[in-house]
Amino acid sequence: MCACVLFPQVVTSSCEQLFLPQPALMASFLWCISAFGFLCRSTAQDPVFLQIWSQNEQRQGLPSLASPPSAPKMEGKYQVLIPKPTRHASGADVFHLTQQILEALKEAAKAAGGETWKIVNAQFFSRLSSLPSLESSSVERSDFRVDFLHQIDEPTATSLREHPRDRTEAYSLNVTQHDILIAARSSWALANAMATLYQLVSVQVTDGAHVSMSIPGCPHYIEDQPGFVHRGVLLDVSRQWYSVPWIKFLIAALSEFKINVLHLHLTDTASWPVEIEGYPEMTQALSYRDINGNPLTYSRSDIREMVEFARVRGVSILPEIDGPMHAPALAAALNLTVAATVNFSLPQFAYEPPPGTWNISSLRAMQFVRTALEQAEEDFFTAPFLHVGGDEPTAASLCVLLDEPLREFCWEQCTSTSVKGCGAVPKKPKEAKSGVTWWFPEYLNAKVQDYFDSVTPSPAKIPRAIWSGAVTDMGVEVPPTDLKHKSALQLWTFPSSSSTSQSISEADCQKYDLIQSAATYPQDGSTYGWLYMDCGSGANWIDMGPNYWCPRASWAALYSLNATQGYGDGLTTSRCQEAFLGAEMALWSEVGGMGNGMALVFPRAAAFAERMWSNPPALTAEQMTGGQPPESYWQSHLRDAMARLNQVVANFELLHLGVSHLQPEFCRVHPEYCNTYTKGFYEESEA
């Protein structure tokens with residue numbers, strides 16, 4: 001099976017063949033993706049789904065598959081609404097869609113304008129494009145009406161950069177036997193409305209050719225708006241490389257559930273995959289390479305193509321260029337990084353291998369990072385923020401920036417793992433003993449501040465985002481932007497009440513908006529997985545134990561936990577609660593990649609999406625006793641959510657796309673028996 005993609009000049013298999021319902025073929029296909037990076041391809045207006053293609057062959061003008069991009073072979077689809085709409089009234093009728101009605105929807109969208117049609121096509125028709133035409137109906141419906149009630153203007157430079165707090169995402173949708181009425185005042189709102197319309201549709205395919213399509217539960221009257229304006233997924237494309245088509249596929253899948261931000265962690269110590277004009281040596285020296293030695297990179301046209309693809313699906317792409325720590329380790333050969341390089345892959349130099357720190361003392365290095373950030377700010381033209389990184393400092397990695405004799409003294413002291421004065425703190429502790437040097441507050445924090453002052457583009461087009469540790473651990477001030485909206489702190493830790501870690505303060509909430517991304521949440525001195533999808537896979541280079549450094553995040557935690565908790569009592573103030581824009585779940589690609597990424601993300605992303613969009617009553621960390629929600633919450637929320645998530649999994653499988661299961665298939669078909677067992681489990685645990 002792989003021969004057809006490894007050697008395009010002898011291609012004999014069509015893409016459609018790869019989606020025949022044969023497990024052996026599907027396993028072979030996934031293996032090809034995982035091992036060789038031969039991937040899917042689509043154009044900006046076609047579905048992202050899987051067309052096998054080698055990006056490097058395409059760029060080099062080599063032969064490629066001639067057939068046009070196509071969606072994976074859909075064998076059917078269940079109606080399932082996730083996230084739940086804010087207000088939804090439904091009936092008991094079944095509305096049968098005909099080809100005539102679909103054509104009416106298409107013509108109405110085109111008549112409403114080019115922008116409307118692009119979004120309707122992306123969010124509705126492209127998802128159904130692998131299906132044959134519907135069976136003809138003897139009933140003519142000349143009276144059926146489709147109406148888009150608001151004009152959607154073509155985007156402008158200003159509207160593309162609209163801040164999440166200013167975007168209109170609310171919509172209403174009415175579906176009856178006589179009409180489909182859609183009220184959406186922006187492209188973001190229309191993308192959400194069309195995702196809901198798609199979810200309402202049920203599809204049956206018999207004999208591979210006969211298609212019937214319906215909307216059960218009619219009439220539907222929906223009014224909907226998000227609980228949080230920032231509903232994101234972070235994808236690390238530095239630790240593992242993902243193809244443009246794979247990323248598009250992820251975007252299309254996320255947008256069905258109204259996830260509206262894809263945060264691309266573009267660079268880290270592992271690699272530099274982003275092509276920067278004027279600096280071709282960066283990707284030549286620091287990107288991964290495929291089995292044939294071709295660099296695995298993202299060009300400026302790749303990025304702009306992904307941004308537009310995401311935009312018409314209601315998703316913004318947020319770029320991150322990390323620093324001053326998390327710089328590409330191998331850049332030392334280019335005289336851009338210092339001290340903590342691959343030759344110092346030890347715990348005192350970095351939180352994971354390989355270490356890398358930008359050479360803050362080098363004008364050339366700082367000019368490069370600034371250029372990279374300026375290019376990202378230009379090319380990611382819908383980004384809500386420009387993310388500048390800023391987390392996980394180690395003194396040993398920064399000592400070399402000091403002048404002698406401080407450099408040698410810092411090196412001698414901080415290459416030991418037990419010296420207290422080498423820890424990152426914003427200020428020297430009041431109880432600090434005389435004669436002990438506290439390297440960060442006395443020397444290194446100023447160096448880190450110099451980095452952000454040097455590389456952050458000015459004047460700013462959009463607010464900045466930074467990992468909260470830069471502020472809580474080093475006292476960094478994000479350079480001011482003179483924009484209407486604040487920059488943002490992204491929280492990735494959730495200290496317990498007994499922790500000595502610095503907390504977010506009321507003053508911080510006045511300066512910054514907040515985005516929740518905590519890997520774990522504390523409970524009784526222990527921690528449980530929350531928003532990091534790689535967690536729970538053990539025995540790798542950091543920890544040979546069963547859980548890596550953090551336990552697996554359950555779908556129940558993603559669904560249940562209040563996204564605005566953590567980091568001490570300061571977050572409970574009204575100012576800090578109002579500062580929360582939303583949250584992101586993260587795939588850091590430490591154990592994830594193209595072969596298993598979808599299974600790590602889904603269906604947990606759908607559970608997270610309902611938390612962030614519908615924002616049902618939430619639990620605190622204390623209420624998740626032992627990592628388990630109380631029975632009352634299971635009965636009132638999780639039981640129904642589980643049933644709908646099982647349908648989400650079934651829909652992915654009807655596209656022959658592998659995601660994780662939450663329960664055996666029996667429980668999807670007969671939830672009443674499995675629910676009885678769960679109720680009994682609660683009763684036994686309380687006895």
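Heads up: numbering here begins at 1 and tracks the sequence. Computation of the quantities below employed the complete heavy-atom set of this structure, encompassing side-chain atoms and omitting hydrogens, waters and symmetry-equivalent molecules.
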Exercise. For the residue pair Cys422 and Gln413, establish whether any side-chain heavy-atom pair is separated by less than 4.5 Å.
Key: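 Heavy-atom side-chain distance check passes, below 4.5 Å.
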Self-check item: Test item: Val229 and Asp166 side chains (from C-beta on) under 4.5 Å apart, heavy atoms
Solution: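 No - every pair of side-chain heavy atoms lies 4.5 Å or more apart.
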Parallel, tilted or perpendicular, as decided by the 30° and 60° cut-offs, for the rings of [Y] and [X]:
{"X": "Tyr521", "Y": "Trp530", "result": "perpendicular"}
{"X": "His163", "Y": "Phe385", "result": "perpendicular"}
{"X": "Tyr559", "Y": "Trp555", "result": "perpendicular"}

Practice problem: Count the heavy atoms belonging to other residues, nucleotides or ligands that lie under 6.0 Å from NZ of Lys428, then report whether that count exceeds 12. | Solution: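 Yes.
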Quiz prompt | Side-chain donor-acceptor contact under 3.5 Å, Thr283 with Glu275 | solution =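 Judged by distance alone, the side chains do not pair up.
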Practice problem: State, without any angle test, whether Thr620 and Gln565 hold a side-chain donor-acceptor pair at a distance under 3.5 Å. | Solution: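 There is no such pair between these side chains.
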Is [X] reaching over with its side chain to a backbone N or O of [Y], donor-acceptor style, under 3.5 angstrom?
{"X": "Gln516", "Y": "Ala563", "answer": "yes"}
{"X": "Asn445", "Y": "Val425", "answer": "yes"}
{"X": "Gln375", "Y": "Thr371", "answer": "no"}
{"X": "Asn596", "Y": "Gly593", "answer": "yes"}
{"X": "Arg167", "Y": "Glu162", "answer": "yes"}

Practice problem: Please determine which of Leu264, Leu587, Leu296 meets the side-chain contact (heavy atoms from CB on, under 4.5 Å) test together with Tyr242. | Solution: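 That would be Leu587; it is the only one of Leu264, Leu587, Leu296 passing the side-chain contact (heavy atoms from CB on, under 4.5 Å) with Tyr242.
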Self-check item: Nearest-0.5 Å distance, CZ of residue Phe608 to CZ of residue Phe602
Solution: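 So the gap between those two atoms works out to 11.5 Å.
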Quiz prompt | Asp236/Arg239 ion pair, N-O < 4.0 Å | solution =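 The answer is yes: the pair qualifies as a salt bridge.
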Is the distance from the ring center of [X] to that of [Y] below 6.0 Å?
{"X": "Trp358", "Y": "His326", "answer": "no"}
{"X": "Tyr298", "Y": "Trp241", "answer": "yes"}
{"X": "Trp272", "Y": "Tyr288", "answer": "no"}

Self-check item: Intermediate values then yes/no, disulfide (SG to SG under 2.5 Å), Cys414 and Cys399
Solution: CA-CA 8 Å; Cys414 295; Cys399 289; 4.7 Å; no
